[in-house]
Amino acid sequence: MRALARLAVTTVLVASPLAAITLTSSANAADDPTPITVVTSDFEDGTVQGWSGRSAETLTHSTTVAHGGTGSLSITGRTATWQGPSLDVLDVFEKGTAYTISAWVRLASGTDNARLSVERRTGGVAAYDQVVGNTAVNSGGWVNLTGRYTLATDVEFLRVYVETASTTGSFFIDDVIVSYVPALPIQTTIPSVKDVVTEFPVGAAITGAEIVTEHGQLLNKHFDSVTPGNALKWDATEPTENAFTYAQADPLIAWAKANGKAIRGHTLVWHNQTPAWVFVGADGQPMTATAEDKELLLARLENHIRNVAGHYGSDIGVWDVVNEVIDENQSDGLRRSNWYNVAGLDYIRTAFRVAREVLPNAKLFINDYNTNVTSKRDKLYNLVAQLKSEGVPIDGVGHQMHINVSWPTISETEAMLQKFAPLGLEQQVTEMDVSIYTNSGENFPTPPADRLLQQAYVYRDMFALFRKYASQITSVTLWGLADDNTWLDTFPVTRKDAPLLFDTRLQAKNAYWGVVDPSKIGTSPSPSTSTSPSSSPSSSPSASPSSSPSGAAACSVTYRVTGSWPGGFQGDVKIANTGGAAVNGWSLAWQYTGGQTISQLWNGSLTQSGAAVTVKNASWNGTLSSGGTASFGFLGSWTGSNPAPAAFTLNGTTCTVI
Ligand code: XIL
């Protein structure tokens, strides 16, 4: 047992989240939020602490080896690799919360890979979500598996489990801990990206996690368009031949439609995330460039597109028909994928022809990465020009724009846009993110301030460029919503990246201000801005809270405790200007009578001295027009009781309490 000694006796516990927070009156105390532990299995009490096998394997308490203390859980009698220990978390996990799951694994003998997953069932249908992929384990020591998991659907069955990749030997697990950092409410008073950038729709790639709870609110507030990040790919929609399933995509598309968002379909043909059966010939052998294999492959392609594109019809207005077909290192510029090797260029021709037949009104795109690199850009240009001259119905070129804080330059990017202009096609930025890393060797435990600042300037300059080319560009999509869920955490290597506009707690980063209002980019953001509301522009000298509030003839205040647990609580406060004149800069004061202390506060600036609390506006919510409102939220601690304050004053005027 490594920590949390007082929680050692049972497996599933809801801990006191704020007990360990150092109390401070700083508004930025959320820089390093203390996680709330919901599961701790230390196996120090001589029991299996609620764990059971996935099948007939045997689970026993063991003292043979232990990661911490003297006990661990032993798993023996396995007859298949998927067998292993599992724990019911149905009553523990809440939809939309991002949990960090950590487990220690050690083999009884030999070597293998272990992985950690969640099995969930809805309506009797099982799905298996991998949380930590294959990780080398052995019998000589303990190996940690840590990953993040967000449940996005309603389930009737939910279990965390550990399995191995290839052998069925016995193994041990110990010190399993599941925790989460409390979600912060989204900032509702900052401008919506989509209201600021109006030249073209701005979108985000999404998974199930993005459409629930606060994530869904953030997505809805800021974006006009969504792209399912994985749910429309071949492995998700036709995992076995002619057995189409839309279980992943349908909820995302339904959400988008319900919220009036445009949808980019991604993608009908790609060399990745395509099941192996697609390239197996009628003879059961891998396909080759024979006429027979080519005919079968193109028939499968046609069937796939007719089904998937047809399933959504006009709901999806833009499709990435083919993805990443260019390899600039080939003299003809064409990637030697299975598609190309069997069907040559005809797979691209077929894909566009069929897509057009199914969707006469959709915009059909060819999408690729590194299109700013001259050699790749030119090969893509040549291909598109050739296909266009043949009459292949290509409507647009998609630039993925997976870039980083120091690459590429604006002029390279501008040259990319200019290159394709003569083709008379639409151009879209389809997968933009800005990694904080400049090479695969870097690895930062938390995003450095200078990188986040560089990133903000990249977003500023790139969006300025896109807006300048608004006559060419018909949409810009970011490859994700917030830094808590980005593919760059595991690509090209596993490390925490922070490439998006909102941080891991959904708060606006300087990157956001780079897009929305570059004058508010903080000049010295705190080092941990990507996990903190302190990334708000309140760190900027030009954006500090007003020091001389004025006005406030009449006001009302709504104070709500939105969550409470032993020792801690979360709350929000809404102020309304019920007077006739605008208030420019506000300061709200109250007294706590229960000894409560606020530890973190967002969308405002906090001072607390004993019972007296004063919250001043943040830079962006200081003006309250007549009838206008502002809100802020906070985390606090309490002991004994947690009474709501009885009275509030706004700029010295007593408010009505609602
Ligand atoms: C990525 C997804 O975001 C990941 O979740 C998945 O594991 C791999 O694919 N170019 C593309 C996208 O066209 O489909 C890729 O998406 C990112 C690179």
Side-chain angles (χ1 to χ4, degrees), residues 98 115 117-118 127-134 147-150 152 203-211 215 219 223 225-239 248-249 252 263-275 304 308 316 318-328 335 337 339 348 351 364-373 376 380 396-404 407-408 427-435 437 440 475-501:
R115 48 184 184 244
S117 307
V118 170
Y128 305 90
D129 302 320
Q130 198 168 97
V131 180
V132 186
N134 280 345
R148 290 170 75 95
Y149 183 72
T150 304
I206 57 170
T207 63
E210 273 82 25
I211 62 167
H215 291 81
L219 182 66
F223 296 97
S225 168
V226 296
T227 306
N230 286 312
L232 290 170
K233 290 173 181 171
W234 198 306
D235 59 353
T237 51
E238 194 186 2
Q248 278 190 55
L252 306 183
I263 304 165
R264 293 195 84 262
H266 176 82
T267 175
L268 294 170
V269 187
W270 194 21
H271 59 279
N272 281 335
Q273 292 176 268
T274 303
H304 182 79
V308 177
I316 297 184
V318 184
W319 272 100
D320 290 329
V321 175
V322 297
N323 194 33
E324 302 183 352
V325 301
I326 298 296
D327 176 356
E328 68 272 36
R335 179 188 289 276
S337 63
W339 291 108
I348 302 178
L364 306 182
F365 272 68
I366 182 168
N367 190 47
D368 219 317
Y369 63 95
N370 287 4
T371 49
N372 50 281
V373 173
K376 184 154 190 180
L380 175 61
V397 171
H399 306 285
Q400 292 187 3
M401 291 288 288
H402 294 292
I403 62 176
N404 72 46
W407 174 90
Q427 299 190 59
Q428 297 193 348
V429 174
T430 55
E431 305 184 16
M432 185 178 184
D433 45 21
V434 182
S435 174
Y437 297 105
S440 297
S475 144
V476 173
T477 290
L478 303 177
W479 205 242
L481 174 67
D483 289 343
D484 65 332
N485 189 8
T486 162
W487 76 299
L488 294 178
D489 282 354
T490 53
F491 182 91
V493 296
T494 297
R495 61 187 171 187
K496 187 72 199 109
D497 209 333
L500 297 164
L501 303 186

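Atoms within a ligand are numbered from 1 in the order they appear, just like the ligands themselves.
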| request: Give the contacting part of Asn230 toward ligand 1: side chain, backbone, both or neither, where contact means a heavy-atom distance below 4.0 Å. | output: side chain
| Is ligand 1 under 4.0 Å from a heavy atom in the side chain of Thr267, in the backbone, in both, or in neither? |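 No part of Thr267 comes within reach of ligand 1.
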| query | What do you reckon, does Asn323 have a nitrogen or oxygen under 3.5 Å from a nitrogen or oxygen of ligand 1? | reply |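 Yes; the residue has a nitrogen or oxygen that sits under 3.5 Å from a nitrogen or oxygen of the ligand.
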| said: When you compare ligand 1 with Gln400, is there at least one nitrogen or oxygen pair between them that comes in under 3.5 angstrom? | reply: yes
Atoms of ligand 1, numbered as shown, that sit under 4.0 Å from any heavy atom of [X]:
| X | answer |
| --- | --- |
| Gln273 | 6 (C), 8 (C), 9 (O) |
| Glu431 | 10 (N), 11 (C), 12 (C), 13 (O), 17 (C), 18 (C) |
| His266 | 11 (C), 12 (C), 13 (O), 14 (O) |
| Lys233 | 1 (C), 2 (C), 9 (O), 12 (C), 14 (O), 15 (C), 16 (O) |

Do [X] and [Y] get their side chains close enough for a donor-acceptor pair, meaning under 3.5 Å?
| X | Y | value |
| --- | --- | --- |
| Thr207 | Asn485 | yes |
| His215 | Asp484 | yes |
| Asn230 | Gln248 | no |

| task | Using the side-chain hydrogen bond (donor to acceptor under 3.5 Å, both in side chains) rule, pick out the option among Asp320, Thr477, Asn367 that qualifies with Arg264. | result |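 Single pass found, and it is Asp320.
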| query | In a check of ring-ring contact (aromatic ring centres under 6.0 Å, His included) between Trp234 and each of His271, His304, His266, which one passes? | reply |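 Filter result, single survivor: His304.
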| Distance from atom 3 (O) of ligand 1 to nearest protein heavy atom, with residue and atom |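 Its nearest protein heavy-atom neighbour is Trp479 NE1, 2.9 Å.
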| field | Heavy-atom gap Tyr369 to ligand 1 smaller than 4.0 Å | value |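 Flag not set, Tyr369 not near ligand 1.
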| query | At a 4.0 Å cut-off, with the gap strictly under it, does some heavy atom of Trp270 reach an atom of ligand 1? | reply |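 In this structure, Trp270 qualifies as a contact of ligand 1 - some heavy atom is under 4.0 Å.
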| message | Donor-acceptor check, side chain of Lys496 to backbone of Asp483, threshold 3.5 angstrom: yes or no? | response |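 Pair found, side chain donor or acceptor close to backbone of Asp483.
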| query | Under 3.5 Å, is there a donor-acceptor pair between the side chain of His402 and the main chain of Glu431? | reply |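 Side chain of His402 to backbone of Glu431, a donor-acceptor pair under 3.5 Å: yes, one is there.
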| field | Minimum-distance pair of heavy atoms, taken over all atoms of Leu232 and Ala249 | value | CD2-CB, 3.6 Å
